[in-house]
There are 2 protein chains.
Amino acid sequence: MKATIKDVAREAKVSISTVSYAINGKDRISEKTRQHVLKVAKKLNYVANGNAKLLKQKNTRAIGIFFNSWFGPIYSEIARGIEKAVHQAGYDLVACSLYGEENSTAYKYLRDRMVDGAIILTNSFDDEFLTSMASKELPLVVLDREIQSPHIYSILIDNFGGAFTATKAIVKSGVREVYFLGGPEDSYDNQKRLDGYIAALGFCGVPVNHDFILECDFTEEGAYRKMSALFDQGTIPDAIFSANDEMALGIYRAARERNLRIPKDIKVVGFDNIRESAVTTPPLTTISHQQFEMGISAAETLFHALKGNDDIEYIRIQPTKLIERESL
Amino acid sequence: MKATIKDVAREAKVSISTVSYAINGKDRISEKTRQHVLKVAKKLNYVANGNAKLLKQKNTRAIGIFFNSWFGPIYSEIARGIEKAVHQAGYDLVACSLYGEENSTAYKYLRDRMVDGAIILTNSFDDEFLTSMASKELPLVVLDREIQSPHIYSILIDNFGGAFTATKAIVKSGVREVYFLGGPEDSYDNQKRLDGYIAALGFCGVPVNHDFILECDFTEEGAYRKMSALFDQGTIPDAIFSANDEMALGIYRAARERNLRIPKDIKVVGFDNIRESAVTTPPLTTISHQQFEMGISAAETLFHALKGNDDIEYIRIQPTKLIERESL
DNA sequence: CTGAAAGCGCTTACAG
DNA sequence: CTGAAAGCGCTTACAG
């Protein structure tokens with residue numbers, strides 16, 4: 001059985017208070033006593049019970065990172081940034097998924113306040129639940145999503161700006177027939193990216209043609225089908241701005257099957273800079289959001305809130321960058 | 001401030017025991033009382049303090065998954081499998097990284113026994129530490145690593161079998177000059193994969209040529225450099241078995257720069273089936289280990305151990321499969 | 001410098 | 001069916 005503070009006290013012939021002081025490095029006891037206690041503790045293989053400690057101390061010194069399901073390639077850089085900042089602050093980071101919904105670990109850990117703060121990478125928690133949970137003692141940071149509520153902070157990708165940059169780059173490369181391959185209409189990201197696309201066309205003096213705006217579903221397979229159909233009816237766009245890289249992969253596959261060359265026959269620009277985009281033939285020109293920095297920013301916002309700062313911006317927008325490769 | 005059981009008891013005008021019974025659904029109290037208590041609890045927004053609960057109950061009902069750093073694409077499927085099995089068992093799954101080493105969350109959570117069991121996806125914990133932590137109450141499952149110790153179970157990829165299959169497939173395709181591009185010599189995976197390669201050549205009656213065995217470092221960049229040098233000195237292997245997919249990506253890049261065609265000039269087979277391998281040109285033929293099943297297997301092993309079964313195999317080997325694409 | 005004691009928020013025999 | 005009380009393993013005023 002596991003040794004408790006009592007066992008150590010008995011064995012060391014001191015009181016449990018003394019053991020506690022020794023273990024926690026308080027300077028109230030003599031160095032001699034401390035050393036003695038530490039030796040006994042080591043011998044007994046003693047480690048303090050985390051739950052008892054937390055029960056007294058009230059705070060958990062842990063930050064939760066909650067997401068839908070295990071990280072795809074996109075999330076891992078965000079998580080790395082968060083991890084770095086959280087560690088630096090001396091907190092622990094525990095990741096929980098929402099697999100199982102209301103019975104998921106993420107749900108439970110948030111509801112039971114097993115963490116002092118949380119960073120949320122999913123939209124499976126509904127706004128209402130998050131609003132009801134957030135408090136001064138449990139601030140929340142949501143990524144890529146806007147919730148207007150005290151103690152909830154949003155970090156947003158600059159979807160609009162990224163799409164604007166991508167579309168402008170396409171037009172500058174000399175084409176005027178620029179298609180937009182989008183995600184689901186009700187997707188927040190998609191809406192913003194579409195706005196950026198339209199704004200950039202306007203900016204460049206290219207009229208918007210609504211036939212060029214294709215609705216799809218953000219998946220490789222969906223894009224493959226959509227583009228295959230388009231190609232097979234004889235339409236070969238000069239250029240396509242794909243609202244995410246996954247779909248750009250689908251465009252590539254459909255084009256390759258029909259011997260259409262990228263970028264010669266069709267120029268393609270993506271969004272997200274997923275790992276695959278660097279190794280396609282040709283490598284995909286895309287918009288990168290700075291995941292790592294976004295993670296750092298999320299964690300820092302949280303710690304500011306935890307410190308009680310109340311002049312924190314409720315919304316931060318993370319800049320994007322055009323990654324020029326060979327598909328444009 | 002957060003409501004406690006006392007607040008609920010006072011407000012509901014019952015004892016705290018009654019509140020506890022009501023909340024936990026024990027059938028010792030009248031339905032009427034229960035409903036009353038539940039209503040008050042809801043009104044007060046009461047949720048039980050997890051730490052206090054755990055302190056009494058002794059076990060955490062949580063499983064830890066510990067890894068080096070945030071999941072690359074390989075790990076996420078394993079995590080998915082683990083998550084599914086853990087959820088099914090009614091446990092929580094918390095993921096912690098080893099970022100920060102001795103001060104990392106993973107280290108702390110294991111040492112402080114914040115979990116009832118753990119699945120370990122890293123070799124940053126040394127064998128000795130794991131051996132000292134493992135017990136009947138805290139069994140451990142290590143992936144892709146062998147530790148001989150009670151209460152520690154290993155789930156291994158069939159590195160040998162996979163390499164054997166890959167190499168045999170290459171020889172069967174009609175070439176006899178098969179190179180091996182390996183990882184670091186002291187890598188466990190690499191050693192087993194090299195053994196499989198050698199065994200397959202022997203099995204097919206092809207003599208082993210030690211000049212064909214190249215040592216590299218499992219990275220894209222390393223492989224790119226190694227192969228560039230090889231090509232530039234005029235050596236163009238008929239075929240290469242790359243001990244992982246990352247390195248196969250480097251081979252592709254070096255070959256592409258020199259207009260060497262795959263598989264016409266060089267056949268390439270990889271190992272791991274990472275996401276990128278499906279979208280290269282041509283798509284990479286590779287060995288897949290069944291990540292998801294491996295995760296399920298890991299979690300199930302853990303729960304068997306937790307239930308006190310003592311006839312569990314200490315080592316399980318996860319089969320591999322040849323994924324035939326177009327690089328062979 | 002050290003110890004006896006209260007208390008964190010729960011659960012669970014035990015008594016009635 | 002309900003309540004008073006012990007106790008889980010700690011921390012931390014308080015007293016000496």
Side-chain angles (χ1 to χ4, degrees), chain A residues 1-41 44-62 108-109 111-116 137-138, chain B residues 1-41 44-62 108-109 111-116 137-138:
Chain A
M1 214 37 244
K2 210 183 141 183
T4 72
I5 198 170
K6 271 190 202 162
D7 301 321
V8 178
R10 192 184 322 114
E11 185 78 13
K13 298 196 198 314
V14 295
S15 73
I16 59 167
S17 338
T18 302
V19 176
S20 176
Y21 294 139
I23 301 286
N24 294 306
K26 306 269 188 228
D27 52 354
R28 315 181 48 175
I29 58 176
S30 69
E31 193 50 32
K32 188 159 156 276
T33 312
R34 177 194 313 292
Q35 291 308 336
H36 173 58
V37 172
L38 256 30
K39 214 170 66 193
V40 173
L44 262 44
N45 226 323
Y46 171 74
V47 281
N49 177 306
N51 288 122
K53 229 170 163 151
L54 262 26
L55 179 55
K56 281 300 292 186
Q57 295 176 161
K58 293 311 182 85
N59 64 353
T60 64
R61 301 284 300 172
K108 186 171 147 192
Y109 272 46
R111 197 187 46 219
D112 294 359
R113 299 182 173 79
M114 302 287 275
V115 291
D116 288 351
E137 290 78 31
L138 180 57
Chain B
M1 211 40 242
K2 210 182 138 183
T4 72
I5 198 170
K6 270 190 202 159
D7 301 321
V8 179
R10 189 182 328 111
E11 184 78 12
K13 299 193 196 311
V14 296
S15 74
I16 58 167
S17 338
T18 302
V19 176
S20 175
Y21 294 140
I23 301 285
N24 295 303
K26 305 271 189 227
D27 52 353
R28 312 181 51 177
I29 58 178
S30 69
E31 194 50 32
K32 190 161 155 273
T33 313
R34 175 195 314 292
Q35 291 308 337
H36 174 57
V37 171
L38 255 29
K39 214 171 62 192
V40 174
L44 264 44
N45 225 324
Y46 171 74
V47 281
N49 177 306
N51 289 123
K53 225 166 166 157
L54 263 25
L55 178 55
K56 281 299 293 185
Q57 294 177 161
K58 293 312 182 88
N59 64 354
T60 64
R61 302 286 298 176
K108 187 171 145 192
Y109 272 47
R111 197 188 46 220
D112 294 358
R113 296 181 176 79
M114 301 287 276
V115 291
D116 288 352
E137 290 78 30
L138 181 57

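Source: prediction; values computed, not measured. A note on names: the letters A, B, ... follow the listed sequences, proteins ahead of strands, and every chain is numbered from 1.
For B/Leu38 against B/Ala22, the heavy-atom pair with the smallest separation is CD1-O, 3.9 Å. A/Val40 and A/Glu11 make their closest contact through CG1-CG, 3.4 Å (heavy atoms, listed as atom of the first residue, atom of the second, distance). Taking every heavy atom of both residues into account, A/Asn24 and A/Lys53 meet most closely at OD1-NZ, 3.8 Å.
For the residue pair B/Ser30 and B/Thr33, a side-chain donor N or O sits within less than 3.5 Å of a side-chain acceptor on the partner. Judged purely by distance below 3.5 Å, without hydrogens or angles, the side chains of B/Ser15 and B/Thr18 pair a donor atom with an acceptor atom.
At whole-Å resolution of the value, CZ in A/Arg113 and P in C/dC8 are 18 Å apart. When the P atom of C/dG9 is taken as reference, atom CD1 of B/Ile5 falls 11 Å away, rounded to whole Å. Put simply, CD1 on A/Ile29 is 14 Å from C1' on D/dT12, counting in whole angstrom units. Between A/Lys53 atom NZ and D/dT11 atom P there is a gap of 5 Å when expressed in whole angstrom units. The CD1-P distance, from A/Ile16 to C/dA4, rounds to 9 Å in whole Å. Following rounding to the nearest Å, B/Asn49 (CG) and C/dT11 (P) show an atom-to-atom distance of 10 Å. When the P atom of D/dA4 is taken as reference, atom NZ of B/Lys13 falls 14 Å away, rounded to whole Å. Rounded to whole Å, the distance from CG on A/Leu55 to C1' on C/dC8 is 4 Å.
Pairing partner, C/dC1: D/dG16, with both Watson-Crick or wobble hydrogen-bond distances short of 3.5 Å.
Out of C/dG3, D/dG3, D/dC8, the shortest distance to the side chain of A/Val14 is found at C/dG3. Nearest to the side-chain atoms of A/Lys6 among the listed nucleotides C/dG9, D/dT12, D/dC8 stands D/dC8. Checking C/dG3, D/dT12, C/dC10 against every side-chain atom of A/Thr18, the shortest atom distance belongs to C/dG3. Which of C/dA4, D/dC10, C/dG9 sits closest to the side chain of A/Thr4 comes down to D/dC10.
No contact: B/Leu54 has no heavy atom under 4.0 Å from any strand. Counting any heavy atom pair closer than 4.0 Å across all strands shown, A/Ser30 reaches sugar-phosphate atoms only and no base atom.
Distances shown here put a side-chain N or O of A/Thr33 below 4.0 Å from the OP1 or OP2 atom of C/dT2.
A residue-by-residue look at B/Asn24 and A/Tyr21 shows that A/Tyr21 has its nearest nucleotide of DNA chain C further toward the 5' end.
For B/Lys56 and D/dG7, a side-chain-to-base donor-acceptor distance below 3.5 Å is present, hydrogens and geometry of angles not being considered.
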